[in-house]
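What you see is a predicted model; the values in this text were computed from it and never measured. Nothing fancy with the numbering, it's 1 onward along the sequence.
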Amino acid sequence: MEFKISSDFLPTGDQPQAIKALCEGIVNQEKHQTLLGVTGSGKTFTIANVINEVQKPTLILAHNKTLAAQLFLEFKEFFPNNAVEYFVSYYDYYQPEAYIPSSGTYIEKDLSINKEIEKLRLSTISSILSGRRDIITIASVSCLYGIGDPKEFEKSTVIVAVKKKITRTKFLQELVNALYSRSGIDFGKGNFRVKGDTVDIFPVYSDNAIRVIFYGDEIEKINYLNANGKNVEESIEAINIYPTNIFVTSPDRINQAIKQIQLDLGNRIKYFQEP
């Protein structure tokens, strides 16, 4: 899908000239360009038009969460049919562990994670791994730090498609490997529930659940469910269900790590038992 800007206004004043110059700089692979303008001069709208012209996935860095949130809302309005994502630190509060030698005081690590921001972070990663090119990510410097192994995250992605041959048991195992939990009564984000040949999954990063209906060892139908997980919204042919956590690890890698730990443990025991 291509970027398609939605606005009742057209660039005016110095904006057309600025858009043209910035686009030419990107095409010519200029490393640095600066757009000057006072508050309220339409810099966001100008950049939106640049994105619309060059048609490239875009990362926009902001120096704090408040500005990032403002830009996120503005770009969502300019590109309602494209993937505009929000990726900032999900800690509302973070106190690292510390030790004060003078008083012998140990301060335990304390943190508070914002579930809504965690959902938006997972939405960003799922959009990027989906192969879409029409992505604008509004981020803080949080995007510069490690977020787990993208290859492991992709390995744990559950691929769902109509007429795909897979047993229900194998499908449920794939959901568990993607860190989804089975739930009967309390069906919420990060859970799945099973009733006969029907499996409902509620991705952490989505406001809609997904219903997968089996016919024997084949997926017969896939539907979106509304927010309360009851009424069918629409039918789809295929969808990827991404893991519930950025730091997911595939079973193969876990087994490899366990074997290496056992090997290292055996070597250390042998070392200490030697005379």
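- Counting heavy atoms from C-beta on, the side chains of Val158 and Phe171 come closer than 4.5 Å.
- Ile201 places none of its side-chain heavy atoms less than 4.5 Å from the side chain of Arg193.
- Distance check, rounded to the nearest 0.5 Å: CG of Asn81 to NZ of Lys4 gives 8.0 Å.
- Using a 3.5 Å distance cut-off with no hydrogens or angles, the side chains of Glu85 and Thr137 do not pair a donor with an acceptor.
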Walk me through whether Gln70 and Leu67 qualify under side-chain contact (heavy atoms from CB on, under 4.5 Å). CA-CA 5 Å; Gln70 178 184 333; Leu67 178 58; 4.3 Å; yes

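- A donor-acceptor pair is defined here as one N or O able to donate and one able to accept, closer than 3.5 Å; no such pair exists between the side chain of Thr105 and the backbone of Pro101.
- In this structure, Arg168 forms no cation-pi arrangement with Phe214, as its terminal cationic atom is not both closer than 6.0 Å to the ring centre and no more than 45° off the ring axis.
- Under the 4.5 Å side-chain heavy-atom criterion for Ile, Leu, Val, Met, Phe, Trp and Tyr, Phe72 and Ile128 are members of distinct hydrophobic clusters.
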Please walk me through it: do Ser235 and Asn223 pass side-chain hydrogen bond (donor to acceptor under 3.5 Å, both in side chains)? CA-CA 4 Å; Ser235 295; Asn223 294 326; 2.7 Å; yes

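- Of the possible donor and acceptor atoms, one in the side chain of Gln15 sits under 3.5 Å from a partner among the backbone N and O of Thr12.
- Here the CD-OG1 distance, from Glu174 to Thr169, works out to 11.5 Å after rounding to the nearest 0.5 Å.
- Smallest separation of non-hydrogen atoms from Ile136 and Phe3: CG1-CE2, 3.5 Å.
- Of all non-hydrogen atoms in Ser89 and Ile117, the two that sit nearest each other are O-CG2, 3.7 Å.
- The distance between the ring centers of Phe45 and Phe78 falls below 6.0 angstrom.
- In plain terms, the two heavy atoms of Ala209 and Phe187 that are nearest each other are CB-CE2, 3.9 Å.
- Side-chain contact check for Tyr180 versus Ile241: some heavy-atom pair is nearer than 4.5 Å.
- Side chain of Thr124 to backbone of Leu120: a donor-acceptor contact under 3.5 angstrom is found.
- A 4.5 Å side-chain heavy-atom check between Gln256 and Gln260 finds every atom pair outside the cut-off.
- Under the 4.5 Å side-chain criterion, counting only non-hydrogen atoms from C-beta, Leu225 is not in contact with Asn208.
- Linking Ile, Leu, Val, Met, Phe, Trp and Tyr whenever their side-chain heavy atoms come within less than 4.5 Å leaves Phe153 and Ile159 in two separate clusters.
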Under the side-chain contact (heavy atoms from CB on, under 4.5 Å) rule, what do Ile26 and Gln33 come out as? Steps first, then yes or no, please. CA-CA 9 Å; Ile26 293 171; Gln33 297 188 87; 3.8 Å; yes

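- No donor-acceptor distance shorter than 3.5 angstrom exists from the side chain of Tyr86 to the backbone of Ser123, with no hydrogens or angles considered.
- The side-chain tip of Arg182 does not point at the ring of Phe192 from less than 6.0 angstrom away and within 45° of straight on.
- Around CZ of Arg133, the count of heavy atoms belonging to other residues, nucleotides or ligands within 6.0 Å does not exceed 12.
- Considering CD of Glu154 and CG of Leu129, their distance stands at 5.5 Å, rounded to 0.5 Å.
- Between Lys189 and Asp207 there is a salt bridge, since a side-chain N of the basic residue sits under 4.0 Å from a carboxylate O of the acidic one.
- When the shell of 6.0 Å around CZ of Phe9 is examined, it contains 12 or fewer heavy atoms from other residues, nucleotides or ligands.
- Leu179 and Val194 fall within the same hydrophobic cluster, where Ile, Leu, Val, Met, Phe, Trp and Tyr residues are linked whenever their side-chain heavy atoms come under 4.5 Å apart, directly or through other members.
- Taking the charged nitrogens against the carboxylate oxygens, Glu118 and Arg121 have no contact shorter than 4.0 Å, which rules out a salt bridge.
- Residue Leu59 comes nearest to Ala139 through the heavy atom pair CD1-CB, 3.9 Å, listed as atom of the first residue, atom of the second, then distance.
- A distance-only check finds no donor-acceptor pair linking the side chain of Glu220 to the backbone of Ile213 [under 3.5 Å].
- A donor-acceptor pair under 3.5 Å is formed between the side chain of Lys43 and the backbone N or O of Val38.
- With sequence neighbours left out, the side chain to side chain donor-acceptor pair (under 3.5 Å) criterion links Ser183 to no other residue.
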Kindly determine whether Val199 and Leu175 satisfy side-chain contact (heavy atoms from CB on, under 4.5 Å), including the steps that lead there. CA-CA 11 Å; Val199 182; Leu175 290 175; 4.1 Å; yes

Could you walk me through whether Asn267 and Ile269 pass the side-chain contact (heavy atoms from CB on, under 4.5 Å) check? CA-CA 6 Å; Asn267 290 335; Ile269 291 174; over 6 Å; no

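- Linking ILVMFWY residues whenever their side-chain heavy atoms come closer than 4.5 Å, directly or via other members, leaves Phe75 and Ile135 in distinct clusters.
- Side-chain polar atoms of Asn177 and Ser156 form no donor-acceptor pair below 3.5 angstrom.
- One distance of note links NZ of Lys151 with NZ of Lys155; it measures 8.5 Å at 0.5 Å rounding.
- Residue Asp197 qualifies as enclosed at atom CG: its count of foreign heavy atoms under 6.0 Å is above 12.
- Cluster annotation: Leu22 and Ile5 are assigned to the same hydrophobic cluster (Ile/Leu/Val/Met/Phe/Trp/Tyr, side-chain heavy-atom contacts under 4.5 Å, transitive).
- For the pair Pro203 and Ile210, the minimum side-chain heavy-atom distance is below 4.5 Å.
- With respect to the salt-bridge test (charged N to carboxylate O, under 4.0 angstrom), the residues Arg253 and Glu152 qualify.
- Environment of NZ in Lys164: crowded, with over 12 heavy atoms of neighbouring residues, nucleotides or ligands closer than 6.0 Å.
- The distance from atom CD1 of Ile239 to atom OG1 of Thr157, rounded to the nearest 0.5 Å, is 11.5 Å.
- A salt bridge links Glu116 with Lys119: at least one charged nitrogen is closer than 4.0 Å to a carboxylate oxygen.
- Looking at Asn28, its side chain never comes within 3.5 Å of a backbone N or O of Glu30 through a donor-acceptor pair.
- Asp217 contributes no side-chain N or O that, together with a main-chain N or O of Ile166, makes up a donor-acceptor pair within less than 3.5 Å.
- Hydrophobic clustering, defined by side-chain heavy atoms of Ile, Leu, Val, Met, Phe, Trp and Tyr closer than 4.5 Å, groups Ile258 together with Ile254.
- Rounded to the nearest 0.5 angstrom, Lys221 NZ and Ile219 CD1 are separated by 13.5 Å.
- Distance alone, capped at 3.5 Å, places no donor-acceptor pair between the Lys56 side chain and the Ile51 backbone.
- Membership of the apolar cluster around Phe272 extends to Tyr271, as traced through chained side-chain contacts below 4.5 Å between ILVMFWY residues.
- The environment of CD in Glu274 is crowded: more than 12 heavy-atom neighbours from other residues, nucleotides or ligands sit within 6.0 Å.
- Formation of a donor-acceptor pair under 3.5 Å by the Ser181 side chain with backbone atoms of Asn191 is not found in this model.
- Side-chain atoms of Glu74 and Thr44 include a donor-acceptor pair closer than 3.5 Å.
- Residues Ile138 and Ala68 come closest through the heavy atom pair CG2-O, 3.3 Å.
- Nearest heavy atoms, Tyr205 versus Ser126: CD1-OG, 3.9 Å.
- A heavy-atom distance below 4.5 Å is found between the side chains of Asn82 and Met1.
- Proximity of Ile246 to Leu122: side-chain heavy atoms (C-beta onward) are separated by under 4.5 Å at one or more points.
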